[in-house]
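Mind having a look at this structure? Questions to follow.
Whatever order the structure lists them in is the order used to number ligands and atoms, beginning at 1.
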Amino acid sequence: MNSNSDFNIKKEVILEGVAAAHGIKIGKAYIFDKKVFQAIKLEITDIDGAIEQFRFSLDKSKSELKKILDLAIDKIGKDRAVIFEAQIMILDDPFLITSIENRIREEKLTPAYIVEDEMTKYTKLISSSKDSYLQERAHDIEDIKNRIIRNLRKEKWKSKIPFSRIIVAESLTPSDTILFSKRDAQGFVTDFGGLTSHTAILARSLNLPAVVGLHDATIEIQEDDLIIVDGYYGRVIVNPAENTLSKYERKIKIVNSIEGEFNDLAQKPTITKDGHSIELLGNLDVEQEIEMVKAHNADGIGLVRTEQVFVESEILPTEEMQFEQYLNIVQQMQGKEVVIRVFDVGGDKVLPIDIKETNPFLGWRGIRFLLENKPYFKDQLRAIIRASAFGKVKLLLPMVTTVSEVKETITLINNCKNQLRSENIPYDENLEVGVMIEVPAIVVLIPKIAQLISFLSIGTNDLIQYLLAVDRTNEIVSELYQEFHPSVIDTLGYIFKTASENNLKVTLCGEMAGDTLATPLLLGLGLRSFSVSPSSIPYIKKLINNVSIQDCQILVDQIKKLDTHEEIMAILNNFLKTNALSIEDKIFEEDNDK
Ligand code: PEP
Ligand code: MG
């Protein structure tokens with residue numbers, strides 16, 4: 001760690017990015033400056049020798065990747081390690097190998113130059129796509145290219161990486177991330193990447209904090225700088241001032257100390273001070289998170305984001321593969337509710353079909369895609385319905401806009417059930433079907449869909465973007481993405497009221513459910529079922545246990561008189577400070593002071 005005098009020389013800088021994996025770490029930065037190999041264009045005479053050299057580098061790259069695959073299986077499990085299998089498959093691609101070998105023969109140029117030129121064509125093509133997922137895949141191919149060229153030069157991957165550092169890089173490939181974890185990396189900080197980037201996904205699995213999409217972290221941070229990675233709020237603090245450092249040291253202590261308390265909390269019910277029982281469920285983005293859901297003793301899983309399988313493995317899973325995956329989740333939850341959402345592909349998530357859309361958020365997304373691709377949809381429906389024989393499964397439909405979409409899906413579900421019955425395959429005849437409330441149009445239609453379904457799940461992440469016409473991924477308008485916009489609050493109130501009039505259960509599974517600032521407001525508006533990311537479960541439970549519905553309703557009455565997001569935020573902050581905070585909640589108190 002730096003001496004005190006070092007902190008005075010360098011000024012504290014705070015960088016804001018995307019909170020990709022929870023946790024707080026303080027440590028020295030290691031700047032991972034990826035060597036970009038400039039392959040020189042040279043003529044050669046020994047063609048056969050060059051081809052042999054190229055094949056040797058392919059074999060070497062493959063054996064490196066196989067070692068990484070083994071390490072990944074060990075660290076993050078077999079399912080998630082398939083991204084490395086996919087990389088090995090690219091190295092085996094006969095089209096790529098033949099075109100490179102043919103060019104070496106015809107052009108008589110160094111293999112490194114041909115590899116560089118040929119593979120860059122692919123990366124350029126893919127990275128020109130607006131699709132963030134495809135851009136990520138371009139990084140994978142770039143990684144493979146650099147690996148082959150490095151092996152052509154017979155050089156090794158950085159061999160002298162110090163232990164226990166926070167890794168700072170422009171971007172990290174999955175293999176970098178896994179290899180750094182072998183050197184006891186403490187966290188990851190990158191210029192590029194979003195929540196769906198592999199760095200983010202792997203960091204979450206490795207249980208290390210990560211902040212991505214910081215733009216200029218590699219410029220602002222120097223080698224050996226002391227940095228703080230705050231994976232809760234997507235912040236990186238470079239050369240922290242002494243008071244910042246002690247604030248974060250305090251936070252780490254609080255995080256550690258309340259972990260013990262969280263164990264006790266896990267055994268307690270979620271109940272307000274005035275005796276209202278609240279349901280607290282976990283959202284499952286990656287299968288590994290189930291451990292945390294169980295450790296916190298959540299009431300069940302309120303959202304399984306099944307589309308994650310495309311992000312991780314780029315394959316279309318068969319009915320059998322899906323069934324096994326869902327069965328595993330359902331069995332682990334031992335009879336507790338598991339809400340499985342059908343593939344919400346499209347939008348900012350990957351589509352299994354290669355098409356370009358000008359406005360993907362307003363395009364072929366979720367149920368719209370599935371109803372036009374019924375074979376995929378049926379495979380998934382059958383897998384979910386089959387899993388229902390082994391626990392309490394519920395089926396959830398994303399991006400619903402019309403009553404016909406619901407009707408058409410229910411007909412399909414009934415067809416699948418009939419088929420299964422004729423095949424003597426068991427399932428739960430009373431499997432409940434619910435609709436995500438994400439599009440304003442369906443809010444208005446709740447009374448009309450009420451007869452067809454049994455529950456609603458509010459996806460505030462999308463509902464806010466569609467209600468306020470603010471792209472949830474666009475940084476330019478991020479100030480306008482307001483969780484506490486009066487229209488959002490009134491719309492939520494309307495949904496709770498209408499759902500109750502129509503006997504529909506409502507859960508809220510968007511990020512708002514895990515935001516402590518929003519908890520008293522949501523309780524006051526009438527929400528009684530929260531589904532949050534697993535690491536937020538104890539925080540939300542503790543807060544719920546500390547407030548009364550009566551106080552929350554008074555708070556809502558005050559809020560209804562206000563006009564702006566800022567005024568509402570201020571009153572919510574104030575409520576947290578005066579009503580709900582105990583010593584341990586200082587983590588949030590300081591964050592809300594920001
Ligand atoms: C939401 O929109 O709030 C939601 C939970 O769905 P997703 O974030 O997966 O779009
Ligand atoms: Mg959504």
Practice item. Check the pair S531 / N283 against side chain to side chain donor-acceptor pair (under 3.5 Å), numbers first and verdict last. Key: CA-CA 6 Å; S531 190; N283 289 349; 2.6 Å; yes

Review point. Does NZ or CZ of K417 lie under 6.0 Å from the centre of the six-membered ring of Y427, at an angle within 45° of the ring axis?
Key: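 Relative to the ring axis of Y427, which defines the angle, K417 lies outside at least one limit.
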
Study note, to complete from the structure: The number of protein N, O or S atoms lying under 2.8 Å from the Mg ion (ligand 2) is 2

Exercise for review: Quick one: pull up CZ in F484 and NE2 in H565 and give me the separation to the nearest 0.5 Å.
Suggested key: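 It is 6.0 Å, given to the nearest 0.5 Å.
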
Exercise for review: Identify whether the distance between the nearest side-chain nitrogen and carboxylate oxygen of K505 and E337 falls below 4.0 Å.
Suggested key: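 A salt bridge links K505 with E337.
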
Check your understanding: Applying salt bridge (charged side-chain N to carboxylate O under 4.0 Å, His left out), which residue pairs with at least one partner in residues 435-455 are found, sequence neighbours left out?
Key ->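 The answer is none; no pair qualifies.
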
Practice item. Please collect all salt bridge (charged side-chain N to carboxylate O under 4.0 Å, His left out) contacts where either partner lies in residues 455-469, sequence neighbours excluded, each pair once. Key: R365-D462, D462-R472

Practice item. List the steps and the verdict of side-chain contact (heavy atoms from CB on, under 4.5 Å) for K541 and I544. Key: CA-CA 5 Å; K541 185 187 247 189; I544 292 174; 5.8 Å; no

Practice item. For the pair R368 and E372, evaluate salt bridge (Lys or Arg N to Asp or Glu O under 4.0 Å) and give the outcome as yes or no after the intermediate values. Key: CA-CA 7 Å; R368 302 173 180 183; E372 286 189 44; over 6 Å; no

Review point. Where do Q331 and Y326 land on the side chain to side chain donor-acceptor pair (under 3.5 Å) test, with the steps shown first?
Key: CA-CA 8 Å; Q331 285 181 328; Y326 306 150; over 6 Å; no

Practice item. At a heavy-atom distance under 4.0 Å, which protein residues reach ligand 1? Sort them by chain and number, would you? Key: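 Under the 4.0 Å cut-off, ligand 1 touches L303, R305, R341, D344, K349, R365, M436, E438, G459, T460, N461, D462, R472, C509, G510.
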
